[in-house]
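For reference, the structure discussed in these notes is given below.
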Amino acid sequence: MTDSTTGKGRWAFTLPQRAAGVVALGLLAGLALAALYFRLDPARYPFPRCPFYLLTGLYCPGCGTQRALHALLHGRLCQAASLNLLAVLYAPVLVFGAADGVRALATGQVRRTSFLYHPGFGWLIVITTVLFAVLRNLPSALGTWLAP
């Protein structure tokens with residue numbers, strides 16, 4: 001969106017402002033990961049159960065994600081995959097998206113050139129999420145394996 005009086009983008013930032021934004025986002029992300037790594041151990045501090053699971057008795061695609069990310073941060077890949085395989089598979093996409101966002105913020109380039117904004121990628125996420133939700137609730141060995 002451009003400003004009609006100046007012709008510049010409404011959200012145009014100077015380089016020092018972008019650098020400060022990148023540093024602030026990096027600090028926030030680091031604090032969030034440190035809190036998850038050191039303080040939010042799901043084995044010690046149980047979180048409320050998933051409301052979808054409480055209402056239906058079915059696992060949603062996000063069930064086990066917090067425990068999986070905690071295990072992933074501690075380097076326990078197999079345990080993380082057993083808790084939520086979808087979260088483990090999409091964790092690199094989240095890291096790439098965050099890095100791409102930082103790059104775009106630092107350089108002022110448009111993010112829409114990334115594959116993350118391609119409609120096909122959006123449909124891939126929707127289809128795999130729905131498929132994962134269905135498969136993990138099947139009364140079979142696959143469902144048992146995919147359940148948290």
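Here the structure is a predicted model, which means the values were calculated and not measured.
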Subject >> Within residues 128-140 or reaching into it, pairs that qualify as salt bridge (Lys or Arg N to Asp or Glu O under 4.0 Å) - sequence neighbours excluded >> reply: none

**OP:** Tell me whether Leu85 is reachable from Leu131 by hopping between hydrophobic residues (I, L, V, M, F, W, Y) whose side-chain heavy atoms are closer than 4.5 Å.
**Re:** yes

Subject >> Partner set under salt bridge (charged side-chain N to carboxylate O under 4.0 Å, His left out) for Arg103, not counting sequence neighbours >> reply: Asp100

Original post:
Excluding sequence neighbours, so at least two apart, what forms side-chain contact (heavy atoms from CB on, under 4.5 Å) with Cys50?
Top reply: Phe52, Tyr53, Cys60, Cys63

**OP:** Treat each ILVMFWY residue as a node, draw an edge where side-chain heavy atoms are under 4.5 Å apart, and state whether Ile125 and Leu86 are in one component.
**Re:** yes

Subject >> For Ser140, all residues meeting side-chain contact (heavy atoms from CB on, under 4.5 Å), sequence neighbours excluded >> reply: Leu138, Leu142

Original post:
Under 4.5 Å between side-chain heavy atoms, hopping through other hydrophobics if needed: is there a path connecting Leu124 to Leu135?
Top reply: yes

Output a table of donor-acceptor pairs, distance under 3.5 Å, between side-chain atoms of residues 64-74 and any protein atom two or more places apart or on a different chain; print 'none' if there are none.
{"unit_1": "Thr65", "atom_1": "OG1", "unit_2": "Gly62", "atom_2": "O", "d": "2.6"}
{"unit_1": "Thr65", "atom_1": "OG1", "unit_2": "Asn84", "atom_2": "ND2", "d": "2.9"}
{"unit_1": "Gln66", "atom_1": "NE2", "unit_2": "Leu40", "atom_2": "O", "d": "3.3"}
{"unit_1": "His70", "atom_1": "NE2", "unit_2": "His74", "atom_2": "NE2", "d": "3.3"}
{"unit_1": "His74", "atom_1": "NE2", "unit_2": "Tyr37", "atom_2": "O", "d": "3.1"}

**OP:** Output every pair passing ring-ring contact (aromatic ring centres under 6.0 Å, His included) with a member in residues 126-148, not counting sequence neighbours, ordered by first then second residue.
**Re:** none

Original post:
Regarding Tyr90 and Thr128, is there a side-chain donor-to-acceptor distance under 3.5 Å anywhere?
Top reply: yes

Subject >> Atom pair CG (Leu83) and CZ (Arg76), whose distance is rounded to the nearest 0.5 Å >> reply: 9.5 Å

Subject >> same_hphob_cluster(Leu89, Phe121) at 4.5 Å side-chain heavy-atom cutoff >> reply: yes

Subject >> For Phe96 against Phe115, the heavy-atom pair lying closest together >> reply: CE2-CE2, 3.1 Å

